[in-house]
Structure formats: C-alpha cells, structure tokens
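Take a look at the structure below.
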There are 2 protein chains.
Amino acid sequence: MAVRAKSTRVTLRDIADRVGVTPSAVSQALAGNTRIGEDTRRVVRDAAKELGYVPSSAARALRNQHAGTIALIVPTTATHVFGHSYFMLVLEGASSVANQHDVQLLISTNPDNDHGLAAYERVMRSHSADGAILTSAAIDDPTVERLIDSGLPVVMIGNFPHLPTAITVGIDDRAASRSITEHLITTHGRTRLLHISGTLDHQTGVDRRDGFLDALRAHGLDEEGAIVEGDLSESSGTTAISALGRRIGDYDGIVAANDDMAHGAITELKSQGLNVPTHLSVVGFDDFGLARVTTPSITTVHVPAQRLASIASERLFEIMAGNDTGWHRHTIDVHLVLRQSCGCGPL
Amino acid sequence: MAVRAKSTRVTLRDIADRVGVTPSAVSQALAGNTRIGEDTRRVVRDAAKELGYVPSSAARALRNQHAGTIALIVPTTATHVFGHSYFMLVLEGASSVANQHDVQLLISTNPDNDHGLAAYERVMRSHSADGAILTSAAIDDPTVERLIDSGLPVVMIGNFPHLPTAITVGIDDRAASRSITEHLITTHGRTRLLHISGTLDHQTGVDRRDGFLDALRAHGLDEEGAIVEGDLSESSGTTAISALGRRIGDYDGIVAANDDMAHGAITELKSQGLNVPTHLSVVGFDDFGLARVTTPSITTVHVPAQRLASIASERLFEIMAGNDTGWHRHTIDVHLVLRQSCGCGPL
DNA sequence: ACGATCTGCTTCAACGATAAAGCACATTGC
DNA sequence: GCAATGTGCTTTATCGTTGAAGCAGATCGT
C-alpha cells in the first residue's frame, strides 16, 4: 500500500487518453466551452471526477499569468507582530475572503536577507501572488512605496497619509484617541494625564499621541511631561510607570496607546499599592482580547481588526478584477468599550 | 505614470538579450554552472541584479515539479481554531522555519465546499505545496488519512495513535494532565475534583481527561460526577460551573482542559462569591497567554506550541529532502507553571 | 447546387525555466 | 598527428494548461 499512489499525478493528458480526445479538448470541455459536444463534455467531466483530476496550479499560473494566490504581508519579524493577537484577527479576515474567492493565502513575513530584498518584494517579482494585503508597515519603510509602484494590486491596513496613491483601510486613530482621553477628562474628571505612546515610526503611534494631545489642548490641560514613549509591549508599560518613580503621584489618569501597555502599567501601579481606577484611571486601545480578561478589565477603543482585513481583502479582489473605481481610503468607525479601569464598569 | 511599470516583467530572456547569450546560458550562469565561462557568469549576474530579475515561481514550479511552498493546514473553520492563540504560535513556528528554507507558507483553512473536497485535498492534488503541517485534526476526520496516504509529505502536530504511519510531534497530554491533577491532590490536599474536559472528538480532549482520571484512581478518589464536557471556549467553562448550581459545594478543585475554560470557571466562581484559590483550586492547560494575565493568574501546563510547530516544520523539510530515516513520533516535554489559581503563587 | 455558416474536434504555440544533449573550437596526450 | 578531453556556449525538449487558429464534415440559405 505504501508507495503506490504517490507518483500518479493526474493531468489533462490522462483524461484525454482515457476519453480518446486531445488534452486541449479536455481543457475546453472542463471549461464549459460550447464548441465541445454535449456528450464529450459529460464523458470528460465524469472521467475527471473519477480520476480525481485537479489542475496543476503551477501550469495554470504560468499559462494564465496569475498565481491564484494573494499574500498577506507583515513587514517585520514574525515575533514582533505575530506576538500581538492583532495578526490573528487580520489573518482570519483575509483568510475567509480568500477562501470565498477560491484563492490561496500566502503569508509573507521576514525580510529575505539572502538577497537583500524584502520577502514581499520577492513575492511580488516572482509573481507568486496576484495581490497583497499589507499591514503593520512602518512610516519610513521604503520598500512599501516600491511595492505600490510595482503595479501589484495592494491594499494596506492602516493609515498612510504620506502615500497618496495607496489604497488603505483604517480607523481614525487620532479621533478615537482624543475621544477616549476626553472620556477620562469629562466623565471622570481626570486632569493630570500621562500618555504612554506606541512606537512613533508607525503612523498609529503618532496619531494616537496626537489625539491625546488634541484632547489636552481642547480642555486647556498641561502638556508638560504628558508623554512617555513605549513600544507596545507589556513590559514597556511597566517600565514607563516604574521609571517615573514617585512622580507618578503627579498623575491621575493614564492613556496607553494599546492594551498591553495599559496592562503593564496597571500591574506596576498595583505593585506600588496604587489602585486602578480609584487612584488613577487607566485606558488602553485595541481590544484584541487582553482588555476583557484582566482585573480590572481595561476600558479601551475597540479596533475591528478582522473587519479591517476582510474589507481590505474584498477591495483587493475588486482591484484584481479590474474595478479601479472604488474608494481609495476607507475609514471604519470604532467605539469605546467602557470597562473597569477608568472607573465606569462594575467592580 | 499609471500603467508604465506594470507589464515589464523580467525574464531570463531579457537578461539573455542584454548580455547576448541564450536564456539557457543565463539559467546555467545563475545556477553557478562551471561550464559557463567566468566572465559570462559575472556579466549575467550583474545584468540580473540590475534588471531586478526574480525567477517566475510558476515556471519553476512547473519545470521542477515542486512548488517551493509548504502548507499549514487547519481542518476546521477559521473562526473555531484561529480563535485560540494556539494557532498564532504555530504559525510563528512554521513561518520562521519556512523562511529559513526560503520557502513560502500557504495557509489552508476552510473546506472547499465547491468541489466536495477539503481545501487541503486541493492543495495536495494541485501540487501547490510540497508538504504540509497539519494541526488540530479531529480523531475521526477521514480526509486526514487520505492526505497521509497521498504521498504528500505531512507532519502532524498532536497525537494520532490511530494513524500508525503518521509522523507526529506532540506532548504527552495524558501524563501532563495527570501531573497537574496530582499537584492539586498532593500539594494542595484537594480531593473533590471536577474536570471540565475539552471536545472529545480530538485526541487531546480524550488524553487530558484520561490523565485526570489516572490521577484520581492513583489516589483513590471518587470519579462520580467528576467530569463535565466543555468545548474549550471560555463560556463553556462558565456554563460548566453555573449548570452545577449549588452542587459546586461538592468540589474543592477544578481541572480544566484549557486555560480559557479555567478562566470562564473562575469568573463564574467569583460571581458566586467563591474565592479562588481559597475555596477552590483551579488549574488550566496550554499557557498560550491568557493564564498569565488574569487575576488570579492561572496555574497551568505550558504547551510550547511554537516549538512544536518549528520541530514539525524542520522534520517536514527533512522528509521533503528525502531523509526518511528520522523519528516518526516525537514527544516534547512540558512543565507545570505554578501561579495563583491553585494556591501556589503570591497573591 | 454551391458557397456560407455551424459543429466538433485537432493542431499549434506559448507561458518561463531548466537539464540533457549537441556542436564547434581549443588544448592535451602519447 | 590524430584521437581524446576540455571549454563555452546553443539547441532542443519538457513541465501542464490554454486559447487561437485550423480543418474536416454536416447543414443551411437562396
């Protein structure tokens, strides 16, 4: 039983030989071409089913000049971004849309240091994907621009104001950040606020910081010492607080650029004997899972990552189908999720 | 500016024309064939670099009869399994190994209802992947057997005792489950234990349940009413407890088959005014992230999913390279992570 | 009744890369 | 001095699929 089945790879020729026509006729029959007789068509289809014929994706790709594949590109090391459940949601969104279109999903992650090209440049040049969803790109990543200019259909998740031709789906980070900051100010009367920002080489980090500052200015609050730069990791949230030493007493509210840092901050505050939300209100951003399960649960902005990905994917398929008339920038609404860490939810 | 760059796809012919040799010579030059003169080789390589040549993956795949791709197959709906961060870790492990081997990673998820074949059967028959990592397969999934018999190199993550020829990497769920149960018994003196099991159509669910029962029997404890079947979701952990009503008083320890259910159970216990770990000790399984961040943090078995995936991937590459002499079943060690929910960690 | 259209296939070329075989010409061995 | 070997390419065939073009024989229109 062992090796038998292995080599027998069914091609058009096998069907052709069995039915007694040419491979080309089989191809046309399977494609439903009406120039092939009704009878032949049926016989061919039966034979194909019986032999378990599946077209060779390589031959098809070569002949038709498209791969039947889209790529999900994450231009950082796997450990960095995969570590955030964000990616899982994106994958889920892209995957389901790809499946609906009967297209394979390729995951492209690490830089391909072997050839000095980014992995996704290879994907693009080798035509192993017909289009790409790009996410988590840094502002200054020069390869992104080349990717877009290459003519490969690309839809990006996030905001890229410096790339005017890019097709993007994102949320209004700045408005959302302002909104959650104002919640702390107007609902909870917090006036001495600290922002733990994300990495500022990503647009998201900049926008969330700016939204925070917008809120401060709108309410005439002090911007002095209001910002500490983090890196989106839980430990950077912890460090942000511990580095403050006793100056933490100057603050009564913390706006973190994501939930991981909010959680890190809360942990550190707790260990210093400070209660959240009694002594300080803390809020996060993202709501990818963590914010719901911690104690206190974290008030945050819900970012619908899966929906971002599925919308991006749908748009990508439109573009690949030649429909270039749709939107180029799409912003989907987000909402606050009020939980315990600001003082809203039941304790 | 629009359409210009698009069509210019660089092939061997372009390099050949520029250098003044045939495409075949270029191919050989790039492959480092010594029958091509030193000078020509250098000129060709320079031209290739300058033009930005990247081989067509489709043409290569067709000619060489292999795709340059491995598939990560998850034979369930995306929402079910992707929902667990397990998949993220597996992806990370597989992805990094694939990258090291300069091979693309294909994600195959949903059944392809269009043709009545599982998506991965198409992957296999269409030869769009040279090998596959298969995870989260149900015990009775008949397509798994066909996949293995097809001759496509496959390495599975998990244990599949009913598939004697399968190459698998897993952990000893039964021993680990027994071990964490015994921790509750011997260290914390818990004697009235409840197991919230996983789905029993997966080997993991069965093994973890059996390990729990092993511990009970070894210590002469009562098996009556000791098992409730859950489905690995947080809510099934909650339901398992709430459905018990006041009979929860009969128990002093809960062994959940994963952390999500443990967390659900703890939440429900809390809301009933029961303290964990004072009134009851609770433990989970997996340690994929959740267990560390809850309050109380959850004592659990750390399952190194990423390592499982990378070991599986390495073995897959060995097999694809023709080395069939390695192990067929590999079990990697796991360890308990003692935290607060059993009564061990600092509160 | 005889060119025009239809029907049902076959033939052919191509997608891009590659390995085997071939073919000149130069060099070497004895 | 002439076969044997080496060098540096070119020619050719192939992977599996597909669409255009070709080609018989039947059917139709007037």
Side-chain angles (χ1 to χ4, degrees), chain A residues 7-45 47-48 51-69 122-130, chain B residues 6-45 47-48 51-69 102 122-130:
Chain A
S7 55
T8 331
R9 169 282 176 19
V10 182
T11 71
L12 285 181
R13 155 130 274 123
D14 299 319
I15 303 176
D17 289 349
R18 169 185 268 236
V19 175
V21 292
T22 62
S24 184
V26 175
S27 171
Q28 291 168 61
L30 257 20
N33 191 327
T34 52
R35 292 292 298 276
I36 299 295
E38 181 66 44
D39 294 352
T40 312
R41 238 148 63 203
R42 213 186 37 254
V43 176
V44 164
R45 265 200 271 265
L51 293 174
Y53 171 73
V54 174
S56 149
S57 52
R60 267 215 172 140
L62 180 58
R63 168 68 217 215
N64 297 339
Q65 297 290 294
H66 70 266
T69 293
R122 302 204 80 204
V123 166
M124 158 204 133
R125 310 278 270 275
S126 71
H127 281 205
S128 40
D130 305 321
Chain B
K6 191 167 182 172
S7 55
T8 331
R9 169 262 185 37
V10 182
T11 70
L12 284 181
R13 154 130 274 124
D14 298 319
I15 302 176
D17 289 351
R18 170 184 269 236
V19 175
V21 291
T22 62
S24 183
V26 175
S27 172
Q28 292 168 61
L30 256 21
N33 191 327
T34 51
R35 292 291 300 274
I36 300 294
E38 183 64 45
D39 293 353
T40 312
R41 241 152 58 205
R42 211 186 39 254
V43 176
V44 165
R45 266 200 270 265
L51 293 174
Y53 170 74
V54 174
S56 150
S57 51
R60 268 214 170 141
L62 180 58
R63 169 68 219 218
N64 297 341
Q65 297 289 298
H66 70 266
T69 294
D102 211 1
R122 302 203 81 204
V123 166
M124 159 202 133
R125 310 278 269 276
S126 71
H127 281 202
S128 38
D130 304 321

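Order of the sequence lines sets the chain letters (A, B, ...), proteins ahead of strands, with each chain counted from 1.
- At a threshold of 4.0 Å, the pair B:Asp17-B:Arg13 counts as salt-bridged, since one of the basic side-chain nitrogens sits closer than that to a carboxylate oxygen.
- The shortest side-chain heavy-atom distance between B:Thr40 and B:Val43 does not fall under the 4.5 Å cut-off.
- In this structure, A:Ile15 atom CD1 and D:dT18 atom C1' are separated by 14 Å, rounded to whole Å.
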Worked verdict on B:Ile36 versus B:Val44 for side-chain contact (heavy atoms from CB on, under 4.5 Å): CA-CA 10 Å; B:Ile36 300 294; B:Val44 165; over 6 Å; no

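- Between A:Leu30 atom CG and D:dT17 atom C1' there is a gap of 11 Å when expressed in whole angstrom units.
- Between A:Asn33 atom CG and D:dA21 atom C1' the separation is 13 Å, expressed in whole Å.
- Once rounded to the nearest 0.5 Å, the distance linking CG of B:Asp39 with CZ of B:Arg42 reads 5.0 Å.
- Distance check: B:Leu62 CG to A:Ser57 OG gives 9.5 Å after rounding to the nearest 0.5 Å.
- When the C1' atom of C:dA14 is taken as reference, atom CG of A:Leu62 falls 9 Å away, rounded to whole Å.
- With distances taken from any side-chain atom of B:Ile36 to the nucleotides D:dG16, D:dC9, C:dC9, the minimum falls on D:dC9.
- Between the NE2 atom in B:His66 and the OG atom in B:Ser128 there is a gap of 13.5 Å [rounded to 0.5 Å].
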Summary of protein contacts for nucleotides 17-24 of chain C, nucleotide by nucleotide, where a base hit scores B, a sugar-phosphate-only hit scores S (4.0 Å, heavy atoms): BBBB-B--

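- In terms of phosphate contacts, A:Gln65 brings a side-chain nitrogen or oxygen within less than 4.0 Å of OP1 or OP2 of C:dG16.
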